Amino acid sequence: MYDITIIGAGVSGIFAAHTLMEHSSGRVLLLDKGKPLEERSCPQERGLSCDCRDCSAYCGFGGLGRSEGKYNFTGDFGGELEEMFGPEALAELMNEVDRVLCLYGASAAEPYRTHSDKLADRASASGLKLLTSTVRHLGTKLSSQMLEGFQTALQSGIDMRFETTVSSIEQLKRGEGYRLHFPGGDTVDTKNLLLATGRSGSGWLPGILRPLGLEPRVTRLDLGLRLEMPGGQLDSILQETFETKLRYTETEFSATTYCMNPNGGIVRKRQEGLVMADGQNFRERDSGSRNLNFSLFIPRHFATLELANQYAAKIIGAVNRGGERIAVQRLADLLAGRRTTAAALAANSVQPSLEADPAQLTEELPVLYIQATLKFLEALERLLGCSINGDTLLYALDGKFYAPKMETDTDFQTALPGLYAIGDCSGRTHSLSQAAASGIHAARRLLRE
C-alpha cells in the first residue's frame, strides 16, 4: 500500500510530490494519463491534426506548465489562496514555489514586478484597479529545461506511472484509505489520495467522484477579445514595469487584462476542440514585433461544467464556423458601426500578426464582450491621457477554461478523510503559481499527519 498517491502530474501534482520527496520517507505514487515530458508532443506542433482528447499539449508531466511557464507570485489574481490562508502565509508559499523552480534552473529568467504606487493611484483615479505581481516568466524553452530537471529528481525519489487511467476509486472500509481500479483489473491501494487532474481531467472527475458522494459543480469560464495595438500605446504606464495588469469593474461585470505581451504576437490556440486567439511573448518568437497584445477577460460562472462547456462551444464555435477561423475588427470600425474590410486591414498601421477574417464583431459576439471592452478602453484612455489608436485590432475570441469548484477545507481535503483536491481541479486556483502552492500546502498537511 502506498502512503500517498497523486493522480495528475501537472503543476500542483508535481509540487506536492516534490514536497513529499524532500521531507518524507513514505511511499509516494504519481499517476498521469499523459506521457513523460520527453514524449509530450502534440501533432499540431508538427503541422498534423489532433483530436484534442488527452492531448500532449495539456496532459503529461508538467501539465500546462510546459507552455510559456509564467509564474505570477501574487494574491491579487490567479486563485483564492489569499482568502484561504491570508497574505503572509501565501507569500511564504510563493517563496517556496520559487525556491523549487530555481532548483531546476528557473533563476535564468530574471523576475520582474508589475507594481508601481504612483501608477496604482493614477489607475484608481481613472476607474481601474492595478493588480500587482512579481513575475518569473520562463518561456517555453526554459520551462521545458526546468521540468526536465524536476522530472529527473522525482524519478529518483518516488514511483511514477504515465499513460495510466484510473477507471474508478473505491473507499476502503474502516477509513483505511482508497483502492484505485485500472482498466484490465489491476488495482493500487493508498492511505491518502491527492486529486491533481487540472482542467484536462474535469470531464473524468465527476464520474469518478459521484459514487463516493462528491459532486463538483459551479464552473468559471473567462471569454474576451484579444487586443493588438501599437507597441508604444502603453509606454506611459509601462515605464516602471514590463507589463501591467488592470481590472475594470461594474455591477454587471468585471474585465481584466491577461497575458500582456509587449513586442509579441498573436497565435492560434486550440483547446476543447475550439480555436482561439492567444498571445505570444517576444521571447517565443523568431523576431519581435512593433505591436503589443493582451486579452481582456470577462468571467462568468455556470451551475455545472456542462453548461460552461456548452456556452463556450456556442460562442467560440460560431466564430470558428467549423474550422480555424478567427475574426478581427479595427477599433475605429467598431466604434463607427462598420465592418472591417480586407482593404482596410491591409492599409492599417497596426498590421495583424495573425491571419484573421475581417469582420463586424457586433454580429459575431454577445453584446457583453463588446460593451465590456469599450468601457475598459474608455477608462484606459483616462489613465493614458490620450485616445486609443483607432487602428488597434480586436480579435475574437480568447478563452480561459476552469474545472468545477470542489468543496474542501482550507487544506484542500474533501468531505472524505484522506481525499484531497489540489490545483485547478479544486476550482480554487487559476494560475501556475497558485496551483503549485496548493500542492505544497496539501503535502505539508499530510506530512504533519
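The shown structure was predicted, so the numbers you read here are calculated from the model rather than taken from an experiment.
Counting only distance, with no hydrogens or angles, the side chain of Q151 and the backbone of L37 share a donor-acceptor pair below 3.5 Å. Put simply, the side chain of R66 gets close to the backbone of R40: a donor and an acceptor are under 3.5 Å apart. Listed for the T164 side chain is a donor-acceptor partner under 3.5 Å among the backbone atoms of F162. No donor-acceptor pair closer than 3.5 Å links the side chain of S254 to the backbone N or O of T249. A distance-only check finds no donor-acceptor pair linking the side chain of N263 to the backbone of N261 [under 3.5 Å]. When atom types are taken as modelled, the side chain of N293 and the backbone of G265 share a donor-acceptor pair closer than 3.5 angstrom. In this structure, the side chain of T190 does not engage the main chain of L193 through any donor-acceptor pair within 3.5 Å. Under a 3.5 Å cut-off, the side chain of E228 and the backbone N or O of V350 do not form any donor-acceptor pair. Distance alone, capped at 3.5 Å, is enough to place a donor-acceptor pair between the D32 side chain and the A9 backbone. Judged purely by atom type and a 3.5 angstrom limit, D391 has no side-chain atom pairing as donor or acceptor with the backbone of N348.
Salt bridge present: E272 and R199 bring a charged side-chain N and a carboxylate O closer than 4.0 Å. Using a 4.0 Å cut-off between charged side-chain N and carboxylate O, R445 and D411 make a salt bridge. A salt bridge does not link E68 to K269: none of the charged side-chain nitrogens sits closer than 4.0 Å to a carboxylate oxygen. Between R268 and E355, no side-chain nitrogen of the basic residue sits less than 4.0 Å from a carboxylate oxygen of the acidic one, so the salt-bridge criterion is not met. Salt-bridge annotation for E22 and R99: present, with a side-chain N of the basic residue lying under 4.0 Å from a carboxylate O of the acidic one. Looking at R270 and E324, a side-chain N of the basic residue comes within less than 4.0 Å of a carboxylate O on the acidic one, giving a salt bridge.
For the pair N291/P230, no side-chain contact is recorded, criterion being any heavy-atom separation below 4.5 Å from C-beta on. At a threshold of 4.5 Å between non-hydrogen side-chain atoms, the residues Y112 and E243 count as touching. At least one side-chain heavy atom of V135 sits less than 4.5 Å from a side-chain heavy atom of T114. Proximity of L221 to Y311: side-chain heavy atoms (C-beta onward) are separated by under 4.5 Å at one or more points. The side-chain heavy atoms of V166 and I7, taken from C-beta on, include a pair separated by under 4.5 Å. Two residues are said to be in side-chain contact when any heavy atoms from C-beta on lie closer than 4.5 Å; F73 and N95 fail this criterion. For the pair V11 and Y71, the minimum side-chain heavy-atom distance is below 4.5 Å.
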Does K33 form a side-chain contact (heavy atoms from CB on, under 4.5 Å) with E163? I'd like the steps, not just the answer. CA-CA 4 Å; K33 67 179 179 180; E163 298 183 84; over 6 Å; no

Output, in order, the C-alpha distance, side-chain angles, deciding distance and verdict of salt bridge (Lys or Arg N to Asp or Glu O under 4.0 Å) for R217 and E306. CA-CA 9 Å; R217 290 196 177 275; E306 289 74 18; over 6 Å; no

Pair L223, L368 - check side-chain contact (heavy atoms from CB on, under 4.5 Å), show working. CA-CA 10 Å; L223 297 180; L368 168 68; over 6 Å; no

Test side-chain contact (heavy atoms from CB on, under 4.5 Å) applied to L131 and T74, step by step: CA-CA 9 Å; L131 306 181; T74 179; over 6 Å; no

Side chain to side chain donor-acceptor pair (under 3.5 Å) between Q434 and E82: does it pass, once the steps are laid out? CA-CA 10 Å; Q434 292 213 18; E82 186 166 285; over 6 Å; no

side-chain contact (heavy atoms from CB on, under 4.5 Å) between L394 and L331, intermediate numbers included: CA-CA 7 Å; L394 310 174; L331 176 61; 4.3 Å; yes

Full working for salt bridge (Lys or Arg N to Asp or Glu O under 4.0 Å) between D357 and R325: CA-CA 7 Å; D357 190 10; R325 177 179 179 268; 2.6 Å; yes

Can N192 and Y2 be said to form a side chain to side chain donor-acceptor pair (under 3.5 Å), step by step? CA-CA 8 Å; N192 297 282; Y2 282 94; over 6 Å; no

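Q233 and N389 form no side-chain donor-acceptor contact under 3.5 Å, judged by distance and modelled atom types alone. Side-chain N/O atoms of T132 and D76 include a donor and acceptor closer than 3.5 Å.
Aromatic ring pairs are classed by plane angle as parallel below 30°, tilted from 30° to 60° and perpendicular above 60°; the pair H18 and Y104 is perpendicular. In this structure, F297 and Y258 have tilted ring planes: the angle between them lies in the 30° to 60° band. Ring orientation note: the planes of F253 and Y248 are tilted relative to one another, at an angle of 30° to 60°. Classified by interplanar angle (parallel below 30°, tilted 30° to 60°, perpendicular above 60°), the ring pair H441/F412 is perpendicular.
To the nearest 0.5 Å, the span separating OG on S426 from NZ on K405 amounts to 9.0 Å. The line from CD1 of I298 to CD of Q371 is 10.5 Å long, rounded to the nearest 0.5 Å. The distance from the CZ atom of R226 to the CG atom of L397 is 11.0 Å, given to the nearest 0.5 Å. Rounding to the nearest 0.5 Å places CG of L307 at 14.0 Å from NE2 of H301. With rounding to the nearest 0.5 angstrom, the CG atom of L154 is 8.5 Å from the CD1 atom of I6. The NZ atom of K118 sits 8.5 Å away from the CD atom of Q239 when rounded to the nearest 0.5 Å.
Applying the side-chain hydrogen bond (donor to acceptor under 3.5 Å, both in side chains) test between Y402 and each of T429, T219, D222 identifies D222 as the sole match. Checked against L292 for a side chain to side chain contact (heavy atoms under 4.5 Å, CB included), the options L238, D235, T392 give a single hit: L238. Of the residues L225, T257, T244, T256, the one that meets the side chain to side chain contact (heavy atoms under 4.5 Å, CB included) test with F294 is T257.
The nearest pair of heavy atoms linking A108 to L142 is CB-CD2, 4.0 Å.
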